[in-house]
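Below is one structure, written out as structure tokens, with a few remarks after it.
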Amino acid sequence: MNIFEQFLDKIKETLLDLSKKGDLILPDTLNGITAEMPPSKFDSDISTNVAMVLSKINKKTPIDLANTLSEKIKKKDKLIEEISVVKPGFINIKFKKIFWTNFIKEITQKSKSFGINTKENKKNFLIEFVSANPTGPLHVGHCRGAILGDVIANVLLFNKHKVTKEYYVNDYGNQIINFTKSVYFRIREISFKEPFPNDNEDLYPGDYLIDFANNIINYNKDLDFKNFEKISEKLTVLAIEEALKLIKKNLMSLGINHDNFISEKKLVKNQEVEKVINFLQKNNFVYKGKIKAPAGEDDDNWVEREQLLFKSTDFGDDKDRALQKSDGAWTYFASDVAYHKNKLDRKFDKLINILGADHAGYIKRISSSVEALSNSKDKLVCKVSQLVKLIKDKKPFKMSKRKGDYITVDDLINEVGKDATRFIMLNRSSDVELDFDFDNVIEKSKDNPLYYVQYCYARIASVFRHIEKDLKSEIKIDKYDFEYSQDEINILKKISEWPKCIDASSNKLEPHRIPTYLYELASLFHSYWNLGKDNPDKRFINDQKKITNDKLILLKAISNVIKSGMDIVGVSVPEKM
RNA sequence: GCGCUUGUAGCUCAACUGGAUAGAGCGCCUGACUUCGGAUCAGGAGGUUCUGGGUUCGACUCCUAGCAGGCGCACCA
């Protein structure tokens with residue numbers, strides 16, 4: 001039930017009628033024509049720009065055209081109370097009050113599907129997100145992308161698309177070797193009292209490795225930890241298992257669960273890298289060559305070497321990219337290409353990658369490879385989540401992995417909680433750096449938009465408690481024989497924008513619109529609530545502890561939207577706070 | 001040096017794929033609790049949307065040239 005879409009369809013019908021009669025010239029596409037909510041200062045409900053879009057081709061001024069069109073539009077729709085033309089050529093429509101009564105009837109009868117776009121074709125998405133290296137716990141830096149990915153998945157699912165959530169496990173390469181060594185030294189530290197080599201820059205110093213080591217020792221009594229060479233392979237597996245266990249625990253505490261974990265090592269073992277490179281070679285996207293040092297960089301340390309390269313420059317990248325290291329091992333990029341081939345083979349309509357800002361430079365090359373493999377430019381969408389600037393004691397807090405001086409997801413959940421973390425991290429567009437003020441978020445105050453929205457729901461729940469009704473169950477009303485006041489219509493107008501919010505969040509992969517929307521809706525509700533202070537007629541419950549149907553159903557509609565929005569964001573809506 | 005990205009009120013940010021007189025919160029000023037929950041509300045002050053050009057009926061949004069911040073720039077994933 002998208003009233004803007006419905007209205008737009010009616011307008012387009014009118015336009016087609018007129019053009020058939022020869023009274024109007026239409027361009028090839030009607031895409032530029034929109035129906036929107038007019039700014040609040042206008043006393044009208046819906047507005048369209050048709051006249052301005054069509055004025056030129058019809059050689060009329062927008063105002064003139066708007067005047068003739070508005071007459072035709074009004075004739076077609078009995079629910080229009082008033083139609084007006086406003087400079088520079090907008091047509092503004094005000095509906096009769098009965099329109100809004102019909103509207104709320106419709107959305108409460110189909111409350112489960114309200115907001116869903118029923119017109120578009122449903123797709124099958126694969127979304128890859130987090131994919132942090134399996135070498136330690138998740139920290140704040142991973143958090144934003146994790147939540148972004150999860151909520152994008154939720155929005156798409158809400159909109160009835162198919163979604164597979166995937167985590168790519170980078171369990172291959174040098175860092176895994178170093179990681180395994182680090183665990184090994186911790187084991188020696190525990191079992192043989194040998195000090196951990198703190199001066200070795202390649203090793204991972206974090207304390208959590210002690211836990212890993214202890215677990216591995218306890219569960220593998222049969223292993224001989226004296227000789228690294230002998231057990232290194234087994235130890236690698238065990239160490240990665242430990243890390244993944246921890247990561248999954250962190251994700252769970254954020255309310256995130258992936259459908260698949262795909263192992264890089266397995267892809268390499270199954271020769272998928274060779275296969276994809278053969279494929280690229282056949283199609284002339286691979287050659288042996290040298291990469292030049294970037295301009296402006298010190299090329300003193302630059303060693304030119306001949307390597308297997310992927311021609312990403314064919315697709316607009318600034319240099320070709322190495323597939324093979326000098327020791328013959330595949331680069332990270334090579335196995336990632338194989339991974340993306342693997343994704344493509346699974347026949348998704350669309351691939352989404354969520355990346356951190358520090359990996360943004362990587363997008364060009366991976367999208368180049370997907371283009372080469374699929375012959376399609378828009379198969380893959382990469383979404384970057386910008387940095388989170390932590391602020392503690394009013395000062396920026398710098399994390400340092402080496403010093404072990406960083407905030408983990410565990411810290412965050414313990415201090416801030418899942419709900420606030422999710423809501424705040426999502427509240428801003430992912431393109432913008434986010435200030436995460438620790439002290440502010442912890443404080444349960446009005447500064448925190450999460451509580452503002454939750455409070456709205458709790459207030460409605462409180463009304464339902466007073467009248468001894470269950471907020472969660474459906475409400476049946478026999479007769480919709482009432483009309484809403486302007487205050488109430490304003491809320492209904494906001495509710496009518498919910499499908500638009502879902503559409504935009506889902507199409508543009510910008511879920512931050514949802515918290516913003518929920519805040520606005522909550523704000524209208526709180527205003528409405530406070531009207532009851534001065535005017536007892538505006539209270540929901542009268543002296544006899546009764547509520548009228550119009551108010552009952554309005555509260556239900558508001559709470560429904562708040563609830564589905566908060567479900568998508570992945571935070572709770574308590575009935576008492 | 002190159003690429004990506006951001007620049008909107010004192011601060012943190014919105015602005016519905018180009019719409020109308022650019023909106024919120026915080027902070028500042030003034031007010032509202034014998035009351036369905038004050039974690040709330042009403043009102044006030046606060047703007048050359050970084051700058052210069054361009055596209056058009058119309059630009060915070062698109063193009064272009066700059067300026068400023070962030071991120072990245074070979075066998076580390």
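Here is how names work: the chains are called A, B, and so on, in the same order as the sequence lines, proteins then strands, and each is numbered from 1.
Looking at Lys87(A), its side chain has no donor and acceptor atom pair within 3.5 Å of the base of rA20(B). Between the side chain of Asp318(A) and the base of rG3(B), no donor-acceptor pair under 3.5 Å is found. Residue-to-nucleotide contacts include no donor-acceptor pair under 3.5 Å from the side chain of Ser527(A) to the base of rA42(B). One donor-acceptor pair, N or O on each side, does fall under 3.5 Å between the base of rA20(B) and the side chain of Asn92(A).
The listed nucleotides are rC76(B), rA20(B), rA15(B); the one nearest the side chain of Asn174(A) is rC76(B). Side chain of Asp435(A), nearest nucleotide from rU17(B), rA14(B), rU12(B): rU12(B). Taking only side-chain atoms of Trp529(A), from C-beta outward, the nucleotide of rC57(B), rG38(B), rC41(B) with the closest atom is rG38(B). Side chain of Ser429(A), nearest nucleotide from rA14(B), rC36(B), rA77(B): rA14(B). Nearest to the side chain of Arg365(A), among rC16(B), rA77(B), rA14(B), sits rA77(B).
Arg321(A) has no side-chain polar atom (N or O) that falls below the 4.0 Å cut-off from OP1 or OP2 of rC73(B). For His526(A), no side-chain nitrogen or oxygen approaches OP1 or OP2 of rA42(B) to under 4.0 Å. Contact between the side-chain N/O atoms of Tyr452(A) and the OP1/OP2 oxygens of rC41(B) is found at a separation under 4.0 Å. Taking side-chain N and O atoms only, Lys500(A) has no distance below 4.0 Å to OP1 or OP2 of rC16(B).
Between the side-chain ring of Phe90(A) and the base of rA20(B), a stacking contact exists by the 5.5 Å and 30° definition.
The separation between Asp534(A) atom CG and rA42(B) atom C1' is 9 Å, rounded to whole Å. Between Tyr455(A) atom OH and rG25(B) atom P the separation is 17 Å, expressed in whole Å. If you measure from atom CD of Glu433(A) to atom C1' of rG70(B), you get 5 Å, rounded to the nearest angstrom. Separating the CZ atom of Arg459(A) from the P atom of rC36(B) is a distance of 11 Å, rounded to the nearest angstrom.
Nucleotide rG58(B) has no partner under the Watson-Crick or G-U criteria, as no pair reaches both atom distances under 3.5 Å. Nucleotide rA65(B) has rU51(B) as its partner under the Watson-Crick or G-U criteria, with both atom distances under 3.5 Å. Of the nucleotides present, rG72(B) is the one that pairs with rC2(B) by Watson-Crick or G-U wobble criteria, both distances under 3.5 Å. The partner of rG27(B) is absent, by the rule that a Watson-Crick or G-U pair needs both atom distances under 3.5 Å.
Nucleotides rC41(B) and rU8(B) are separated by 26 Å at their P atoms, to the nearest Å.
Residue Lys181(A) places its NZ atom among 12 or fewer non-hydrogen atoms of other residues, nucleotides or ligands, all under 6.0 Å distant.
Centroid-to-centroid, the aromatic rings of Phe540(A) and Phe464(A) stay 6.0 Å apart or farther.
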